[in-house]
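The chains referred to below are lettered A, B, ... by the order of the sequence lines, with proteins before strands, and numbering in each begins at 1.
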Amino acid sequence: MNTHVASTGNPLLRVEGLAISHGAVPITTPLSIAVERGETIAIVGESGSGKSLTARAIAGILPPGINATGTVTLDGIPLMRLAETELRRIRGFRVSMLMQDPFTMLNPLMRGGDHIDEMLRGRPEFASRAPRAAEVKRRLAEVGIVEEDVARRMPFQLSGGMCQRVALAAALARDPELLIADEPSTALDVTTQAEIIRLLRRIQRERHMSLILITHNLRLAFSTCERIYVLYAGSLLEVGDAAAVERQPFHPYTLGLLLSEPPADIRVPRLVAIRGSVPQAADVVGRCGFADRCDWAKQICRAGKPPLVARDIGRLTACVRQDEIQGELDALRTAALCAAPATPRRDETEGALVRIDALVKTFDGPRGHPIRAVKHVSLRIMPGESVGLVGESGSGKTTLGRCLVGLETPTAGDIRIDGIAAADFGAMAKADRARVRRTIQMIFQDPYSTLNPRHSVGQALSEALRASAGAASAATPERIAALLADVGLSAAYATRRPASLSGGERQRVAIARALAVKPAILVCDEPVSALDVSVQAQVLNLFKRLQAEHGLSYLFITHDLAVVRQIAERIYVLYLGEIVEEGPTERVIGDPQHPYTRRLVESIPRSANQHAP
Amino acid sequence: MTGSGVIVFVMRRFAVAVPLLLIISFGVFALVHIAPGDPVRSLLGARASDPATLAAIREHYHLDDPFLIQYFKWLSKVVQGDLGVSILGNRAVTSTIADRLGVTIFLSLMSAVLVLGLGVLLGAVAAFRRGTRLDRAVVMFGVFGISSPAFVTGIFLLYFFGALLHWFPIFGPGTGFLNRAWHLTLPALALAISVMAIVIKITRAAMIEELDRDYVTFARARGLSSRRITFAYVLRNALIPVVTAAGLIVVGIVSGAIYVEVTFSLPGLGALTIDAVQKRDIPTIQGTTLLFSVFVVLVNLAIDVIYMLIDPRIRFGRVES
């Protein structure tokens with residue numbers, strides 16, 4: 001099976017026929033990857049694609065119970081045949097790995113610098129303490145840490161970006177030739193993400209090291225890597241040169257993924273979403289894993305697992321119908337990227353649905369130091385308007401949202417919802433409180449924890465319906481079905497329990513539950529950030545449709561400028577508890593005035609051949 | 001947190017412990033009056049009840065004063081190290097306790113070392129070999145130990161290792177360090193087995209959780225030696241919950257020592273307490289009860305301090321973002 005890229009000479013790493021399984025359940029089908037010296041490749045995939053386990057199989061650190069077959073050859077050494085003790089001499093020295101969550105990657109009981117120190121101890125020149133300390137300092141400087149005390153601080157005293165840098169320095173301390181970075185920036189703030197990726201790129205170039213970047217973000221892969229491996233439900237669907245794949249994807253999934261990622265520079269009328277959700281590898285054995293979600297699937301796609309075959313120089317695709325449908329794929333791409341007509345601007349502030357004036361929220365910090373989460377914020381939301389609230393972690397955006405729905409009581413300032421003073425829910429008249437609660441509803445980030453696992457979807461919705469205005473009419477199955485239909489689910493979902501739903505479906509149910517009381521405004525706190533990219537587009541489209549059909553207002557709280565670009569008409573940029581910039585979305589993102597907004601906009605990954613204005 | 005921060009922390013905990021000790025001392029003092037019958041009779045014991053002796057007792061224990069005054073007078077003596085006189089031997093309670101304390105401390109320490117050392121070791125082995133027969137055997141042993149009381153295990157050990165195999169003496173506390181350790185091995189083991197299950201279970205669960213952590217995987221990915229990963233990463237983090245439970249375990253050991261001392265006929269504090277209860281020797285009961293209570297409070301204080309010292313997240317006062 002000719003599945004690896006026709007690479008010249010002998011690559012540093014050659015993975016052939018690597019198949020991972022959990023007992024008898026397959027996690028990946030045999031796949032082949034080659035990495036040249038000094039080359040950067042990306043393995044792109046959504047959750048359940050098997051990308052992280054592939055990375056761990058290469059490093060030989062699969063969790064117990066997970067097995068791999070095939071060969072992994074590093075510079076002529078067959079890694080999978082080595083004993084654990086021999087592998088230990090390879091790991092760190094020749095292959096190293098960086099993981100996703102900066103806060104859990106470092107030993108919580110060890111100082112930052114000790115993670116680098118312990119890697120150096122085996123070398124004779126660093127046998128004594130002083131030269132080792134000097135080397136730790138030099139290594140930290142390489143990853144951009146010049147502050148003296150970082151080496152002495154405990155991991156929990158460092159920010160996420162700092163932890164990730166310390167971890168990178170530790171991973172590189174024995175100068176490996178290959179670094180596997182598993183989603184190294186995903187858990188970080190937007191601006192820090194860009195810094196970490198730039199740092200990885202710089203170090204990779206300076207050391208002429210090979211890099212495997214594992215990511216779910218196709219745009220990040222295009223902007224960082226030379227070659228792309230697209231993994232879906234355990235199978236490689238497309239492999240090729242990054243620029244070429246970006247210019248013209250050969251596989252419908254790659255195109256779908258590319259179009260599902262909301263563009264940050266234009267607002268499209270409707271995102272091209274892939275229907276359904278990501279399957280398990282075990283459920284799509286013996287057929288194209290993407291067939292059920294593909295608009296071009298034919299009988300042949302389900303007849304057998306399509307092999308990865310070369311279609312162009314350095315390009316492989318697993319789509320058997322690629323030559324027939326390429327024209328349609330290209331046309332869809334062009335059509336999807338045309339901008340929506342600019343939305344008519346509303347400048348009036350009279351009759352605002354939500355008015356927040358000079359809001360302050362202070363929390364009690366340790367040892368009596370108050371933490372000012374929100375400092376003097378004023379904000380308006382008009383009826384039917386979609387407003388974005390953009391900020392990173394610690395900006396106070398979630399606190400503001402929680403104040404608005406009465407989950408927190410502001411320290412000072414005024415909130416008016418539909419004309420009713422709603423700053424302090426406890427002090428409101430009962431009727432007013434009931435009216436405000438029906439006017440404003442909240443959608444949370446994590447669709448897994450917002451539904452009671454013991455209640456069926458129907459029970460959750462009928463409970464919400466009973467709370468709606470004039471609850472005299474019972475929560476009939478018809479009304480539940482209508483609610484489900486509203487969010488694009490069939491009436492059959494009423495009997496399902498949350499555990500049997502996918503993330504996207506759960507978020508739809510959560511939206512349906514919020515809609516049950518016929519609210520005028522939804523406060524959405526990062527409603528799509530926990531979802532797979534292909535599902536995220538569906539849910540964003542749903543938000544757009546609901547706004548048009550019900551005349552809903554939104555307060556869309558997010559860190560993602562691309563998401564807010566697609567959904568919000570006006571945005572507020574929140575930084576350390578203060579609004580630093582506000583205005584129509586097009587203007588704020590297209591022509592940011594405040595330095596912080598500019599930094600946010602610059603953090604969006606863009607590839608070389610797409611350097612738009 | 002700096003050195004002065006640690007002192008502030010200890011002082012604050014101490015400030016909570018003092019009122020607790022006062023409440024306990026009050027309860028202990030009230031024993032005399034709660035005990036059925038006339039306090040004078042309780043304190044009289046086996047002595048002849050002629051009016052002169054009764055008057056002397058009334059005078060000595062200030063029984064004619066109001067209750068609270070009596071308490072404060074008693075407390076001021078206790079603080080000065082005077083726990084009164086045993087009604088049996090007419091010896092000071094403090095000197096009786098001092099005679100017996102050595103055996104109990106030796107037994108409890110030996111048992112604590114066994115519980116923590118052996119328990120952590122077994123728990124770690126079970127965690128590394130989880131799902132195997134060895135793992136199940138270790139867990140079964142723990143459950144078996146906790147479900148049989150220390151005096152039952154003690155009798156079994158006595159019969160098997162003492163009477164049948166003659167490996168260990170079956171009687172007496174021994175003299176000198178090694179001889180005493182040899183004499184106290186079986187009692188300490190009996191005591192240890194009865195609480196070891198807690199340590200095994202906590203260690204095993206914590207180790208399994210730690211083995212799954214990102215930082216352990218990351219340490220392996222960096223090629224660190226298995227010894228370094230086991231000790232600096234897995235064991236060190238897994239010990240935090242064990243230390244939290246250690247307070248409970250030490251208290252369990254000391255209260256278990258009462259039964260074990262009787263089972264093995266050891267002249268320790270436990271045996272003294274049982275003896276005093278049987279003979280209604282109120283001052284001695286007061287003395288040993290007070291000592292046990294103070295010990296429990298101090299152990300908990302010590303555990304809090306150790307916990308703070310080993311977990312820097314508490315020492316440095318974690319700031320929530």
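- Residue B/I240 touches chain A through its side chain alone, counting heavy-atom pairs closer than 4.5 Å.
- Between the OG1 atom in A/T104 and the CZ atom in B/F218 there is a gap of 10.5 Å [rounded to 0.5 Å].
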Pair A/E118-B/L224, side-chain contact (heavy atoms from CB on, under 4.5 Å): steps then yes or no: CA-CA 8 Å; A/E118 67 180 353; B/L224 290 176; 3.2 Å; yes

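- Proximity to chain B (any heavy atom under 4.5 Å) is restricted, for A/P64, to the side chain, taken from C-beta onward.
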Derivation and outcome, side-chain contact (heavy atoms from CB on, under 4.5 Å), residues A/R88 and B/S226: CA-CA 9 Å; A/R88 250 183 227 124; B/S226 58; 3.4 Å; yes

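- Per-residue counts of heavy-atom pairs under 4.5 Å with chain B were compared for A/A59, A/G122, A/A170; the largest is that of A/A170.
- Ranked by heavy-atom pairs under 4.5 Å with chain B, the list A/A167, A/G394, A/A373, A/S393 is led by A/A167.
- The CG atom of B/D214 lies 7.5 Å from the CE atom of A/M105; values are rounded to the nearest 0.5 Å.
- Other residues, nucleotides and ligands contribute at most 12 non-hydrogen atoms within 6.0 Å of the CZ atom of A/R372.
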Residues B/R220, A/E84; criterion side-chain contact (heavy atoms from CB on, under 4.5 Å); working and verdict: CA-CA 10 Å; B/R220 288 182 64 202; A/E84 180 68 19; 3.8 Å; yes

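- A 6.0 Å sphere centred on CD of A/E147 holds more than 12 heavy atoms belonging to other residues, nucleotides or ligands.
- Considering OH of B/Y233 and CG of A/L106, their distance stands at 7.5 Å, rounded to 0.5 Å.
- Using a 4.5 Å heavy-atom cutoff, the side chains of A/P108 and B/Y215 are in contact.
- Sparse packing is recorded around NZ of B/K201, with 12 or fewer heavy atoms of other residues, nucleotides or ligands lying under 6.0 Å away.
- The 12-atom threshold is not exceeded at CZ of B/R12, counting heavy atoms of other residues, nucleotides or ligands nearer than 6.0 Å.
- Enclosure of atom CG in B/L248 is not indicated, since only 12 or fewer non-hydrogen atoms of other residues, nucleotides or ligands lie within 6.0 angstrom.
- The side-chain heavy atoms of B/R228 and A/R121, taken from C-beta on, include a pair separated by under 4.5 Å.
- Using a 4.5 Å heavy-atom cutoff, the side chains of B/T217 and A/R56 are in contact.
- Between atom CZ of residue B/R236 and atom CG of residue A/N107 there is a gap of 7.0 Å, rounded to the nearest 0.5 Å.
- Side-chain atoms of B/R222 do not come within 3.5 Å of backbone N or O of A/R91 as any donor-acceptor pair.
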